Amino acid sequence: MITVMKFGGTSVGSAEAMKRSANIIVSGSGKKAVVVSAMSGITNFLVSALDDKTLKDEDIFCKFKERHMTVAKELFEGKRLEEFTEEFEKRFDEFKKLYSDKDGWNSPYFKDNISSQGERFSSLMLSHLIMEMGYKSVALTSEDAGIYAVGAPLSGECDLERTASSMGINVKPLIDDGTIPIITGFYGISESGEPLTFGRGGSDYAAAAIGNALDADTIEIWTDVNGFMSADPRVVEDAVTIKEMNFNEAAELAYFGAKVLHPRTIEPARMKHISVKIKNSYQPEHPGTLIYNLRKKSKSLLKAVAMKSDLSIVTIRAGELAYRPKLIATIIDRIGDLDIPLYAVSTSLSTIAFLFHNNDTARILGEIRGMHSEEIEGIEIKNDVALICAVGDDLLDKNGFSGDIFGAVKEAEANVEMISEGASDVSLNFVVPTESALDVVRILHKKFISSVKK
């Protein structure tokens with residue numbers, strides 16, 4: 001049995017957190033591989049350093065080193081501290097050389113390379129801690145492990161087939177020998193050998209890709225919450241942890257608002273029917289959330305309600321658009337070239353509407369306005385709307401469920417601006433004004449989750 005265990009930034013962000021995570025790792029049974037994020041705050045620090053041209057290189061290096069060595073000195077002493085420091089300095093020299101090479105800043109992968117540096121040091125520290133506890137361990141970068149990626153800079157995806165082949169050679173023998181590999185999350189290696197990150201929060205996805213490559217039995221995502229909740233507990237006081245979900249439900253919630261799991265984590269696990277557990281490293285005794293193929297039916301209409309705010313509806317008008325599929329395809333192609341998240345699409349005879357983040361509307365407008373004016377009659381923007389994602393079991397099989405949902409929305413006196421229904425049998429997604437969104441979430445949770453006896 002192989003378990004892939006992923007630990008996020010807060011789970012390796014201090015000496016105390018490192019010790020807690022290390023104890024979880026060694027107490028688990030069976031063979032295991034571990035994936036880690038950078039220490040909390042480090043990736044943000046590196047990204048801000050790239051954007052702030054006033055910062056001096058030496059100040060950046062000093063702060064980066066101080067953060068890691070302060071924790072290391074709390075964890076190690078004597079020979080172990082010497083051995084860690086020697087390996088740390090080798091990696092640190094490589095980091096300084098990379099950052100100081102101003103010609104290298106012109107590489108399209110430079111930001112990927114810099115923003116992924118934190119994982120190289122957190123993995124090293126956790127590996128040494130596990131060895132200090134008397135277990136065999138080795139720190140592996142994505143280059144060492146053979147994690148390959150394809151796609152655009154800062155938005156890569158794992159080449160699962162090639163990664164499986166490489167990890168079968170580079171990692172599987174270590175696991176079979178009883179060694180615990182501590183592997184960098186967040187990035188893979190491009191065809192040209194450059195680091196290619198999987199997007200912010202991409203260490204979850206990296207863990208799923210590694211689980212896929214190793215044919216793992218379970219993937220555990222260790223974080224600072226107990227699992228998926230029935231709603232954001234900051235919005236709904238009586239929100240509860242969801243004990244189990246299927247892959248579709250988890251994917252919908254992750255993409256449309258719940259921040260527990262990176263949305264792309266689900267697919268590599270689902271491909272090989274690998275169960276995913278969300279666990280809290282601060283409360284390891286809590287059962288968390290289990291995500292797998294099968295699940296028990298819920299007694300309530302809904303299992304969870306999530307929301308994503310700061311969105312805009314972009315509506316494009318063209319005469320008899322429904323009869324012009326090539327024009328629709330052209331519009332979608334133009335928007336697709338921007339490589340930005342799309343949250344919903346709705347069409348009518350003469351319009352097509354898209355839901356994007358507020359920050360992306362300017363780029364979309366620029367792209368669409370570049371089309372021939374005679375093809376596009378008008379573009380309208382409605383800013384500051386929120387997407388509500390209501391997730392439940394086999395919703396399409398329940399007569400009148402949408403009427404029940406929208407009846408509750410009416411109680412919140414919210415106007416529904418856009419609806420996405422039927423694309424998924426586990427969710428109903430709709431858009432309301434941002435000022436109404438919290439009331440909608442609270443009413444839906446109260447009527448369809450809190451009021452139902454478990």
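All figures in this text were calculated on a predicted structure; none of them were measured in a lab.
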Among Phe88, Tyr99, Phe121, Phe45, which residue meets the ring pair (Phe, Tyr, Trp, His ring centres under 6.0 Å) test with Phe64? Phe121

Flag side-chain contact, heavy atom, 4.5 Å: Ile419 against Leu428: yes

Does the gap between the ring centers of Tyr205 and Phe186 come in under 6.0 Å? no

Under 6.0 Å from the NZ atom of Lys272, do we count more than 12 heavy atoms belonging to anything else shown? yes

Just checking Lys96: does its NZ atom have more than 12 heavy atoms from other residues, nucleotides or ligands closer to it than 6.0 angstrom? yes

Taking all non-hydrogen atoms of both residues, which atom of Gly227 and which atom of Val260 are closest, and how far apart? O-CG2, 3.6 Å

Using ring pair (Phe, Tyr, Trp, His ring centres under 6.0 Å) as the criterion, list what pairs up with Tyr282, not counting sequence neighbours. none

Counting C-beta onward and ignoring hydrogens, is there a side-chain heavy-atom pair between Ile25 and Ser27 closer than 4.5 Å? no

Counting only N and O atoms by type, is there a donor-acceptor contact under 3.5 Å from the side chain of Ser142 to the main-chain atoms of Tyr187? yes

Applying the side-chain contact (heavy atoms from CB on, under 4.5 Å) criterion to Ser127, which one of Leu140, Ile182, Val34 satisfies it? Ile182

Let's go through Trp222 and Ile278 carefully: what are the C-alpha distance in whole Å and the side-chain angles of both, what is the deciding distance for side chain to side chain contact (heavy atoms under 4.5 Å, CB included) to 0.1 Å, and is it a yes or a no? CA-CA 6 Å; Trp222 290 86; Ile278 313 297; over 6 Å; no

Any donor-acceptor N/O pair, Glu74 side chain to Ala15 backbone, under 3.5 Å: no

Between Ser312 and Thr361, is any side-chain donor less than 3.5 angstrom from a side-chain acceptor? no

Would you say Thr434's side chain and Asp384's backbone share a donor-acceptor pair under 3.5 angstrom? yes

Ring pair (Phe, Tyr, Trp, His ring centres under 6.0 Å) against Tyr343, all qualifying residues, sequence neighbours excluded: Tyr255

Counting only heavy atoms not in Glu435 (residues, nucleotides, ligands), do more than 12 fall under 6.0 Å from its CD? yes

Quick check: closest heavy atoms across Val4 and Ala216, and the distance to 0.1 Å? CG2-CB, 3.9 Å

I'd like to check the ring pair (Phe, Tyr, Trp, His ring centres under 6.0 Å) partners of Phe76; sequence neighbours left out, ordered by chain and number. Phe84

Within the side chain of Ser137, is there an N or O that forms a donor-acceptor pair under 3.5 Å with the backbone of Met131? no

What's the spacing between Asp159 CG and Leu196 CG if we round to 0.5 Å? 11.0 Å

Return the CG to OG distance between Leu55 and Ser48, rounded to the nearest 0.5 Å. 7.0 Å

Is there a donor-acceptor pair under 3.5 Å between the side chain of Asn212 and the backbone N or O of Pro268? yes

Checking Ser281 side chain against Ser21 main chain: does a donor-acceptor pair fall under 3.5 Å? no

His357 versus Asp310: any side-chain heavy-atom pair under 4.5 Å? yes

Ser190 and Tyr109, any side-chain heavy atoms less than 4.5 Å apart: yes

Can you confirm whether Thr179 sits close enough to Tyr135 that some side-chain heavy atom of one is under 4.5 Å from a side-chain heavy atom of the other? no

Answer yes if the side chains of Ser436 and Asp439 hold a donor-acceptor pair under 3.5 Å, and no otherwise. no

List the steps, then state whether side chain to side chain contact (heavy atoms under 4.5 Å, CB included) holds for Phe228 with Leu253. CA-CA 9 Å; Phe228 274 105; Leu253 275 182; 3.9 Å; yes

Check Asp337 with Arg363, please: is the shortest side-chain N to carboxylate O separation under 4.0 Å? no

Assess whether a salt bridge exists between Arg20 and Glu16, defined as any Lys/Arg side-chain N lying under 4.0 Å from an Asp/Glu carboxylate O. yes

Do Asn280 and His286 get their side chains close enough for a donor-acceptor pair, meaning under 3.5 Å? no

State whether Arg162 and Glu191 are salt-bridged, where the test is any N-O pair (Lys NZ or Arg NE/NH1/NH2 against Asp/Glu carboxylate O) under 4.0 Å. yes

Regarding Arg80 and Glu83, does a basic nitrogen lie under 4.0 Å from an acidic carboxylate oxygen? yes

Testing the basics here: between Ala231 and Val236, what is the closest heavy-atom pair and its distance to 0.1 Å? CB-CG2, 3.7 Å

Does a side-chain N-to-carboxylate-O contact under 4.0 Å join Glu89 and Lys65? yes

Would you tell me whether Glu244 and Tyr292 have side-chain atoms, one donor and one acceptor, within less than 3.5 Å of each other? yes

Can Glu220 and Thr3 be said to form a side chain to side chain contact (heavy atoms under 4.5 Å, CB included), step by step? CA-CA 7 Å; Glu220 296 179 352; Thr3 300; 3.8 Å; yes

Is any side-chain heavy atom of Ile388 closer than 4.5 Å to a side-chain heavy atom of Leu444? yes

Should Lys303 and Glu249 count as an ion pair when the cut-off is N to O under 4.0 Å? yes

Looking only at non-hydrogen atoms, find the nearest pair between Pro195 and Asp112 and report the distance. O-CB, 3.1 Å

If every non-hydrogen atom of Asn170 is compared with every non-hydrogen atom of Ala145, which pair is closest and at what distance? ND2-O, 3.3 Å

So, Asp238 versus Ser450: side-chain donor-acceptor pair below 3.5 Å or not? yes

Give a yes-or-no answer on whether the side chains of Arg270 and Asn248 include a donor-acceptor pair shorter than 3.5 Å. yes

Any salt bridge linking Glu143 with Arg120? Criterion: basic side-chain nitrogen under 4.0 Å from a carboxylate oxygen. yes

Check whether any side-chain N or O of Asp204 sits under 3.5 Å from a backbone N or O of Thr265 as a donor-acceptor pair, and report yes or no. no

For the backbone of Thr141 and the side chain of Asp144, can you confirm whether one donor and one acceptor N or O come within less than 3.5 Å of each other? yes

Between Asp176 and Lys172, does a salt bridge (charged side-chain N to carboxylate O under 4.0 Å, His left out) hold up when you go through it step by step? CA-CA 6 Å; Asp176 290 340; Lys172 190 64 162 54; 3.3 Å; yes

Is a donor on one side and an acceptor on the other found under 3.5 Å between the side chain of Lys32 and the backbone of Met1? no

Indicate yes or no: does Asp101 engage Lys97 in a salt bridge with an N to O separation below 4.0 Å. no

Answer with yes or no whether the side chains of Ser427 and Glu252 bring together a donor and an acceptor at under 3.5 Å. yes

Closest non-hydrogen atoms of Ala209 and Cys158, given as atom of the first, atom of the second and distance, are CB-SG, 3.6 Å

Pairwise side-chain contact, Ile291 with Lys277, heavy-atom cut-off 4.5 Å (strictly under): no

Are there more than 12 heavy atoms of other residues, nucleotides or ligands under 6.0 Å from atom CD of Glu237? no

Would a distance-only check, ignoring hydrogens and angles, find a side-chain to backbone donor-acceptor pair under 3.5 Å from Thr241 to Lys243? no

I'd like to know whether Lys102 forms a salt bridge (charged side-chain N to carboxylate O under 4.0 Å, His left out) with Asp57, so could you lay out the CA-CA distance, the side-chain angles of the two residues, the decisive distance to 0.1 Å, and finally the verdict. CA-CA 11 Å; Lys102 299 308 177 184; Asp57 289 3; 3.3 Å; yes

Intermediate values then yes/no, side chain to side chain contact (heavy atoms under 4.5 Å, CB included), Val171 and Ile210: CA-CA 10 Å; Val171 180; Ile210 289 170; over 6 Å; no

